[in-house]
Amino acid sequence: MDPFAALELPPGASAEEIAGAHRRLAKRWHPDRGGGAAAAARMAEINAAYDVLRSGAWQREPPPQDAVSRVPMGRSVAGAWLAEPLRRALGRELLVALDEAEDVALVTPAATWASPRTLLAVTDRRLLWLLDDVPTHRVRTLRYDAMAEVTHRLRRPLRRVAVLRIRTTHGRVVSFSELRPATAAAIAGHVAGARVDALGAAS
């Protein structure tokens, strides 16, 4: 998915244009306004595109546009199988942490107890997150088969901020806060489906 096209914007649109397009399209496609399953699917696409573009803006130094052309012969680019806006949103550290051909469903800014500036990536195999303001061990990961339970709830109803809470099979709890409610629900749904697939493959 091209996030700019999903928000009906030209490539390279400004942060203000992105936010404005998200608001305009959310008013038009919100499932509460009717439209059933088609509206819900379009709204999910709009939210995913907005999260990817917001994550790209979150990165301090996006990778250069011509990064692929400057790679030495014989070496592959980290995340070369992903679309350029998604690579920009992930940033170098998360791209290097990806396994070969690991598909990324969603990237969004979040917060954890360890870092108020966290970048969360939801892949087809696991959750990856970057703790931006810690000096070492900045990238963390949690595979779906190591998750026992995933829940989400509103943290501050007046601000419409959600918390995603994951309990691992070893009893450890990992929480991501400062998520938009639709994003937290999408991540919880994706993780629940991926957990079922991972447990089915293991048996």
Walk me through whether Asp132 and Thr118 qualify under side-chain contact (heavy atoms from CB on, under 4.5 Å).
CA-CA 6 Å; Asp132 186 55; Thr118 300; over 6 Å; no
I'd like to know if the side chain of His170 and the backbone of Arg172 have a donor-acceptor N/O pair within less than 3.5 Å.
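It does not hold such a pair.
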Mark yes or no for whether Arg167, through its side chain, and Val173, through its backbone, hold a donor-acceptor pair below 3.5 Å.
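Not confirmed, Arg167 side chain does not pair with Val173 backbone.
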Which pair of heavy atoms, one from [X] and one from [Y], lies closest together, and at what distance?
X	Y	value
Ala162	Pro181	CB-CA, 3.8 Å
Leu179	Ala110	CD2-CB, 3.8 Å
Ala101	Asp124	O-OD2, 4.5 Å
Ala188	His152	CB-CD2, 3.5 Å
Ala111	Glu178	CB-CG, 3.7 Å
Glu100	Arg125	O-NH2, 3.5 Å

Rounded at 0.5 Å granularity, tell me how far [atom1] in [X] sits from [atom2] in [Y].
X	Y	atom1	atom2	result
His22	Ile46	NE2	CD1	7.0 Å
Phe4	Ile18	CZ	CD1	5.0 Å
Thr108	Leu119	OG1	CG	7.5 Å
Phe176	Ile187	CZ	CD1	8.0 Å
Leu25	Arg23	CG	CZ	11.0 Å
Leu86	Leu106	CG	CG	9.0 Å

Neighbour count above 12 (heavy atom, 6.0 Å) for Arg33 CZ
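12 or below, so no.
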Counting only heavy atoms not in Trp81, do more than 12 sit closer than 6.0 Å to its CH2 atom?
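Correct, the count exceeds 12.
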Minimum side-chain heavy-atom gap [X]-[Y] below 4.5 Å:
X	Y	result
Val107	Leu120	no
Thr168	Met147	no
Thr112	Ser175	no
Val150	Leu164	yes
Leu95	Arg87	yes

List the steps and the verdict of side-chain contact (heavy atoms from CB on, under 4.5 Å) for Thr141 and Trp129.
CA-CA 6 Å; Thr141 182; Trp129 61 98; 5.5 Å; no
Leu128 pairs by side chain to side chain contact (heavy atoms under 4.5 Å, CB included) with which of Leu90, Val139, Leu142?
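Option passing the side chain to side chain contact (heavy atoms under 4.5 Å, CB included) with Leu128: Val139.
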With clusters defined by side-chain heavy atoms of hydrophobic residues (ILVMFWY) lying less than 4.5 Å apart, directly or transitively, does Val163 cluster with Ile166?
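In one cluster with Ile166: Val163, no.
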Under 4.5 Å between side-chain heavy atoms, counting indirect links through other Ile/Leu/Val/Met/Phe/Trp/Tyr residues: same cluster for Trp113 and Val161 or not?
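Result: no, two separate clusters.
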Would you call [X]-[Y] a salt bridge at under 4.0 Å N-O?
X	Y	answer
Asp99	Arg126	yes
Arg42	Glu45	yes
Asp51	Arg180	yes

For a side-chain contact (heavy atoms from CB on, under 4.5 Å) check, start with the C-alpha distance between Leu82 and Val104, then their side-chain angles and the critical distance, and finish with the verdict.
CA-CA 8 Å; Leu82 299 171; Val104 177; 4.0 Å; yes
Which is it for Arg140 and Leu131 under the side-chain contact (heavy atoms from CB on, under 4.5 Å) test, yes or no, and what are the steps along the way?
CA-CA 8 Å; Arg140 311 287 170 89; Leu131 305 174; 3.4 Å; yes
Which word best sums up how the rings of Tyr144 and His190 line up, parallel for under 30°, tilted for 30 to 60°, or perpendicular for over 60°?
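Perpendicular: the ring planes of Tyr144 and His190 meet at over 60°.
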